[in-house]
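Have a look at the structure below, then the notes.
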Number of protein chains: 2
Amino acid sequence: MDHISDSTVRRLSNYLRVLDEIASAGEDMVSSHGLAGRSGVTPAQVRKDLSYFGSFGRRGLGYSVAALKAEIRAILGLNKRWRVALVGAGNIGSALFAYKEFGRQGFDIVAVFDNAEDRVGQRLGDLTIEPISEFARLSQQRGVEIGVIATPPRHAQEIAERMIAAGLKGILNFAPRKLFVPDTVALRSVNMAIELESLSFALAHGEPARRAGRRFPLAE
Amino acid sequence: MDHISDSTVRRLSNYLRVLDEIASAGEDMVSSHGLAGRSGVTPAQVRKDLSYFGSFGRRGLGYSVAALKAEIRAILGLNKRWRVALVGAGNIGSALFAYKEFGRQGFDIVAVFDNAEDRVGQRLGDLTIEPISEFARLSQQRGVEIGVIATPPRHAQEIAERMIAAGLKGILNFAPRKLFVPDTVALRSVNMAIELESLSFALAHGEPARRAGRRFPLAE
DNA sequence: TGTTGTGAAGGCGTTCACAGCC
DNA sequence: GGCTGTGAACGCCTTCACAACA
């Protein structure tokens, strides 16, 4: 497999959720057109995205919903469960911990860290909040592969470096700050400040639209 | 001003946070190179992004940190405060409500809605959680401009339509589902499932790197 | 006829490279 | 000399359009 663009991967992730809906609706087959309509992209885009990984459809018929789901899950690496360490047990961290979607998608939080005196030692679900100093030891002991950063922005880079030192290979960052990591580590960021400010820009300039879609002309 | 790409707007939002840091460090002037290094982009990119909106720098000298901050804030529409309605007072919704960054960036949550029997009527900060049926009336009464969706995915599209019907012009969606809105409405989404699955893809394929950067070769 | 898979064309955003100015 | 602002070149992603096939 060649180089796959991030946009393609993100769309695959979307197709997967749409396929779940289609499966729940009892449909067995779906065409690129059907999948595209519900995903807000063009049919050609759907076919192109899938073509990077193989030929999963049948000409004249479309794609088997169940088979395509399985293919995409395999492509995305969702056939295993990932072990996650959460750093930061404040507002955002606690909400993430309680967020069921997390576990449902195959990500298990197996350790929680914080440095606030009044949080260390407390229970969160069936885990105990540990001090950051224990990060490397516990992460290695529990086989953590992915780190989630939910600390204030001023600590985010330092925590990322600690995660890298502990051998983690993926980081999901919720702190509103750009992080720098070596290219052996995968980094994704969820930055609410950027989304809000980009909304603000769109509203202030009264030109929010961007792409054509299905039920409505589509934005975002 | 022509059409501005979403990438440019998102980078501007980043420059703003970096400029805050630089200002805190007591620097008065910054070059495109300096700003680029701390933002994880190229100097040419910084200059190009800014050039869409005007000529803010001085050749040979760079940009005034304070002036550039003010320019970018104006460009992003951050010189006013935005009135926000939050729908969904569960895990994510409550965390968003308590998230200080929200108010700090100029976004005030002025109404909270939920449909769960045990939540309606409860207090959240100095607001009372209202039933969804009151959405249009209260939003109009309180001058809401932006809606935040923090409900389970199956209700997200319906809530979006209710927001549009009530005249809101911007929506920030936290539900892991693609929404369809008319192109008169600005939509941004924060989708954790996509980020996690794209991390999973990167780890499963062992090719996480994407762009060259500063302190480390940069990912994301 | 209906739909996929894909090379080629097109469009858009990033990078280059240099003229213009301090 | 140093740095910005910007047209032009480049490269990547999306869209087109059609051959292949059920």
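The chains referred to below are lettered A, B, ... by the order of the sequence lines, with proteins before strands, and numbering in each begins at 1. Basis for what follows: all heavy atoms, side chains included, without hydrogens, waters or symmetry-related copies.
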For DNA chain D, the residues among residues 54-63 of chain A that have a non-hydrogen atom under 4.0 Å from it
A:Arg59, A:Leu61
Rounded to whole angstrom units, what separation is found between the CG atom of A:Asp49 and the C1' atom of D:dC13?
10 Å
Is the backbone of A:Ala175 close enough, under 3.5 Å, to the side chain of A:Asn173 for a donor and an acceptor to pair up by distance?
yes
Given atom NZ of B:Lys48 and atom P of C:dC16, what is their separation to the nearest angstrom?
13 Å
Contact nearer the 5' end of DNA chain D, comparing B:Ser32 with A:Tyr52
B:Ser32
Check whether more than 12 heavy atoms from other residues, nucleotides or ligands sit under 6.0 Å from atom CZ of A:Arg142, and answer yes or no.
yes
For the pair A:Leu16 and A:Leu76, evaluate side chain to side chain contact (heavy atoms under 4.5 Å, CB included) and give the outcome as yes or no after the intermediate values.
CA-CA 10 Å; A:Leu16 194 54; A:Leu76 293 177; 4.1 Å; yes
When you check the phosphate oxygens OP1 and OP2 of D:dT14, does a side-chain N or O of A:Ser7 lie under 4.0 Å from one of them?
yes
Starting at CD1 of A:Ile4 and ending at C1' of D:dT14, how long is that distance when rounded to a whole Å?
15 Å
Is it true that the side chains of A:Arg188 and B:Ser198 contain a donor and an acceptor less than 3.5 Å apart?
yes
Working to the nearest 0.5 Å, report the span between CG of B:Asp49 and OG of B:Ser32.
11.0 Å
A:Leu12 atom CG is separated from D:dC13 atom P, nearest whole Å, by 14 Å
How long is the straight-line distance from CD1 of A:Ile149 back to CD1 of A:Ile159, given to the nearest 0.5 Å?
7.0 Å
If only side-chain N and O atoms count, and only distance matters, is there a donor-acceptor pair under 3.5 Å linking A:Arg17 with A:Ser13?
yes
With a sphere of 6.0 Å drawn around CZ of A:Arg58, does it hold more than 12 non-hydrogen atoms of other residues, nucleotides or ligands?
no
Establish, yes or no, whether a centroid distance under 6.0 Å links the rings of A:Phe56 and A:Tyr63.
no
Short side-chain N/O contact from B:Gln45 to OP1 or OP2 of C:dG13, under 4.0 Å:
no
From CZ of A:Arg10 over to P of D:dT14, roughly how many Å is that when rounded to an integer?
12 Å
A:Trp82 side chain to B:Leu199 main-chain N or O, any donor-acceptor pair under 3.5 Å?
no
Distance check needed: D:dG5 C1' versus B:Leu50 CG, whole Å only.
10 Å
Between its two end axes (five pairs each) the helix from C:dT1-D:dA22 to C:dC22-D:dG1 turns, nearest 10 degrees, through 0°
Is B:Ser200 reaching over with its side chain to a backbone N or O of A:Gly77, donor-acceptor style, under 3.5 angstrom?
yes
Tell me whether the side-chain N/O atoms of A:Thr42 come closer than 4.0 Å to OP1 or OP2 in D:dT15.
yes
Would you mind reading off the distance between A:Arg47 atom CZ and D:dC16 atom P, rounded to a whole angstrom?
11 Å
Going by number, which of residues 64-75 of chain A have a non-hydrogen atom under 4.0 Å from DNA chain D?
none
Might you point out which heavy atoms bring A:Leu19 and A:Val65 nearest each other, and give the distance in Å?
O-CG1, 3.8 Å
Would you kindly give the NE2-to-P distance between B:His33 and D:dG1, to the nearest whole Å?
19 Å
